[in-house]
Structure formats: C-alpha cells, structure tokens
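Working notes, beginning with the structure itself.
Any value given below was found using the heavy atoms of this structure, including those in side chains, with hydrogens, waters and symmetry copies removed.
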Amino acid sequence: MNEAENIKLLLPRIPTWVHEIIIVDGRSTDGTPDIARNMRDDVKIVLQPKKGKGIALRTGFEAASGDMIVMLDADGSMDPYEIILFVAALVAGADFVKGSRFMQGGGTSDMTVIRRFGNLGLTLLVRMLYGSSFSVLRLHGLLETACSLAACRLRRLRN
C-alpha cells in the first residue's frame, strides 16, 4: 500500500525506547520505504511476498527479533503513543492485547451503518455464545476486534 504521507506523520510519534521498527512494504509505488529510511535510520524494511494483511503480519513477525511485538497500521488510525499501554499489559502477563475503536476514547469515521450494525450483531452473538467481553468483532478471515493496534509475545506466535 502507498503510505508515504502517513509514514511522515507516524514515524516521529513512535517512542524512542522502541527496540525495532519493521515496515512491511507491499510493493508501494510512492517511495514509502525511502521516506521511512530517510526519517529514521533504524527502520527495517521487509518486502511482503504476496498480497494480504495476514501475509504482511507474518512477514513482519518473521523479521522481528524481540520478544514483544506491537502491530500498527500505517494509515494513522492508531496513536503510537498508546504503544506503552500494550507493552505494559504484556509485561503484566498478557500473551495478547488488542485495541478497539469502540472503547471509551476510541472512534472511527470509516464505518458504514450496515457494517456498524453487522459488527454489533456479531459482537452480541459471540458474547452470548462464549461469554466474552469483546467490545466489537469483525469478520476478516478470522474474528478479531475492529482496531488494528495489537500486541503479543512473539514466542507465543512461534510456538
């Protein structure tokens, strides 16, 4: 995806204590990798071998060297300053942490009314069937929360 303009806004907001920044490039044509390298010399660019968000995530996981990984879309819909909250949950013992656009303080402007009602229905169904407390779910190959900010312990993914 072409995220050059978003990368310019996103990279300066990533905390300086972050161990590693990996950008998975889906063969962008707008110079996203060059802009990222020019902004931060510690950025690692890896090429996504095939299309798909799942492939992009897997490519990033394989390139990561740390124990904890925080996944963040480059579209600007998540605040990098919240990374500390996700890392804190991992340090406290969580294996996986997932953000939600529908928690207090969150939001989204790109969701149609039909999609919003579909998410509400799916969420209520999963809550009833499994007794979960998800704030919202969406169907995207797998059930997941609608926000793409997430963190996990990498060793759990590799096991």
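For Asp42, the side-chain contact (heavy atoms from CB on, under 4.5 Å) partners two or more places apart in sequence, or in a different chain, are Ile21, Arg40. Qualifying salt bridge (Lys or Arg N to Asp or Glu O under 4.0 Å) partners for Arg58, counting only residues two or more places apart in sequence or in other chains: none. By the side-chain hydrogen bond (donor to acceptor under 3.5 Å, both in side chains) test, Asn6 is found to be paired with Glu3, residues two or more places apart in sequence or in another chain being considered. With sequence neighbours excluded, the residues satisfying side-chain contact (heavy atoms from CB on, under 4.5 Å) with Ile114 are Thr112. With sequence neighbours excluded, the residues that form a side-chain contact (heavy atoms from CB on, under 4.5 Å) with Pro15 are Trp17, Val18, Ile83.
Through side-chain heavy atoms spaced under 4.5 Å, either directly or across other Ile, Leu, Val, Met, Phe, Trp or Tyr residues, Ile22 is tied to Val24, Val46.
Taking all atoms of both residues into account, the shortest heavy-atom contact from Ser28 to Asp25 is OG-OD1, 2.7 Å. The shortest non-hydrogen separation linking Phe86 to Ala151 is CB-CB, 3.7 Å. Closest approach of Ile23 and Ala36 over heavy atoms only: CD1-CB, 3.4 Å. Considering all non-hydrogen atoms of both residues, Leu10 and Pro80 come closest at CD1-CG, 3.3 Å. Across Ala74 and Ile7, no two heavy atoms sit closer than the pair CB-CD1, 4.1 Å. Between His19 and Ser65, the shortest heavy-atom distance links the atoms NE2-OG, 3.2 Å.
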List the steps, then state whether side chain to side chain contact (heavy atoms under 4.5 Å, CB included) holds for Asp73 with Lys53.
CA-CA 10 Å; Asp73 282 352; Lys53 186 165 185 171; 3.2 Å; yes

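Looking at Cys152 and Asp95, their side chains never come closer than 4.5 Å, going by heavy atoms from C-beta outward. The shortest distance between side-chain heavy atoms of Arg153 and Phe96 does not fall below 4.5 Å.
Put simply, CG on Asp34 and CE on Met39 are 13.0 Å apart, with the number rounded to the nearest 0.5 Å. Rounding to the nearest 0.5 Å places CD of Glu82 at 9.5 Å from CG of Leu72.
Pairs engaging residues 43-52 under the side chain to side chain donor-acceptor pair (under 3.5 Å) rule: none recorded [sequence neighbours left out]. Screening residues 12-21 for salt bridge (charged side-chain N to carboxylate O under 4.0 Å, His left out) gives Arg13-Asp79 as the qualifying pairs, with residues at least two apart or on separate chains.
By the rule that hydrophobic residues join a cluster once side-chain heavy atoms approach within less than 4.5 Å of another member, Val87 and Leu85 end up as members of one cluster. Ile14 and Ile84 fall within the same hydrophobic cluster, defined by Ile, Leu, Val, Met, Phe, Trp and Tyr side-chain heavy atoms under 4.5 Å apart, directly or through other members.
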